[in-house]
Amino acid sequence: MHSDAPDQLDASGKAASSNIEVSRRVALTAGSAILAAAALPTPSSAQTPAAARAVFGQSFALSTNVNGVDVEAEIDTRTSLLDLLRERLALTGAKKGCDHGQCGACAVHVDGRRVASCLTLAAKVHDRKVLTIEGVSDGDRLHPMQQAFVEHDALQCGYCTPGQIMSAIACVREGNATSKERIREYMSGNICRCGAYKGIVAAIEDAAAKMGRS
Ligand code: FES
Ligand code: FES
C-alpha cells in the first residue's frame, strides 16, 4: 500500500536502502535455514539475524553408512544429502536435476525407503543406512532392476536412470508393482525428458517377478 512505503524511508533515503539490504539478508538467511530447521535447535526470537546465521552455519560430526561403507564426515549443517554424496563422497550417480524435489533424479534409499536426496539434510542420515545406485549391483552382477532396464530399453540419454532405478526398486519392495497403473502412479515423481516411460513400466513389471514381490 502507498501509505506503507514512507515508514521505511528517512529524509536522506540512505537508511531506506540500508533497511532493504538488511531485509534481503534476513530473507536469504531464512531461506537457507528452512531445510536445517527440522534437525536443529531453533534460535530464539531474541537472537539477531547474525546470531541465527552463526547457529545455522555450524558444523556437524556425521556418522553414517553409505552402500555398506561407514562414513565419518564433518559437514555444514545445511548440507543436503545429495551434495554430501556428489561433492564429498564422489558418488555422482544421483543427479541434481532440479534441486527442488520435482524430478526424482536424485532418488536414493535411506533405511530402505526412497527419498529425494536434494530435499534431505545430510545430518538426517546420521546413524542410518544410505543406498545409492552405486551400491545396488552385486559386484559385476547387475541388480534385477538394472538388468530389466537394459533388456526393456528403458533409457535413452540415461540422465534420469539412476533415480528411476532407485524408485523402481522401492516401488517393488513397497508392494506397489501390482499393475501398470499403480507403477505409473508410484513412479510419477520421476521425470524422463526422453520419454522412456513405456520401457520403464515394462522393466519394473519384469523385475518385480524376478525380485519375488510385486
Ligand atoms: S534433484 Fe531432487 S528431485 Fe530433482
Ligand atoms: S533417459 Fe533421458 S531423461 Fe530419462
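As the structure lists them, so they are numbered: ligands from 1, and atoms in each ligand from 1. Index from 1, following the sequence. Every heavy atom of this structure was used, including side-chain atoms; hydrogens, water molecules and symmetry mates were not.
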Query - Protein N, O or S atoms under 2.8 Å from atom 4 (Fe) of ligand 2 - result: 2
Report summary line: In K96, R88, R78, the residue satisfying side-chain hydrogen bond (donor to acceptor under 3.5 Å, both in side chains) with D83 is K96
Report summary line: On a heavy-atom basis, the closest approach of C106 and S117 is O-OG, 2.7 Å
Query raised in the report: L89, F60: one ILVMFWY side-chain cluster at the under-4.5 Å cut-off?
Result: yes
Query - Hydrophobic cluster membership, L85 vs L62, 4.5 Å side-chain cutoff - result: yes
Report task. Decide if atom CD of E151 counts as having more than 12 heavy atoms of other residues, nucleotides or ligands within a radius under 6.0 Å. Result -> yes
Report task. Mark yes when over 12 heavy atoms from residues, nucleotides or ligands other than R128 sit less than 6.0 Å from its CZ; otherwise mark no. Result -> yes
Report summary line: Total protein N/O/S atoms sitting under 2.8 Å from atom 4 (Fe) of ligand 1, waters ignored, is 2
Query raised in the report: Within the side chain of D111, is there an N or O that forms a donor-acceptor pair under 3.5 Å with the backbone of K129?
Result: yes
**Report entry** Heavy-atom donor-acceptor pair, N190 side chain to G163 backbone, under 3.5 Å
**Finding:** yes
Query raised in the report: Does NZ or CZ of R193 lie under 6.0 Å from the centre of the six-membered ring of Y159, at an angle within 45° of the ring axis?
Result: yes
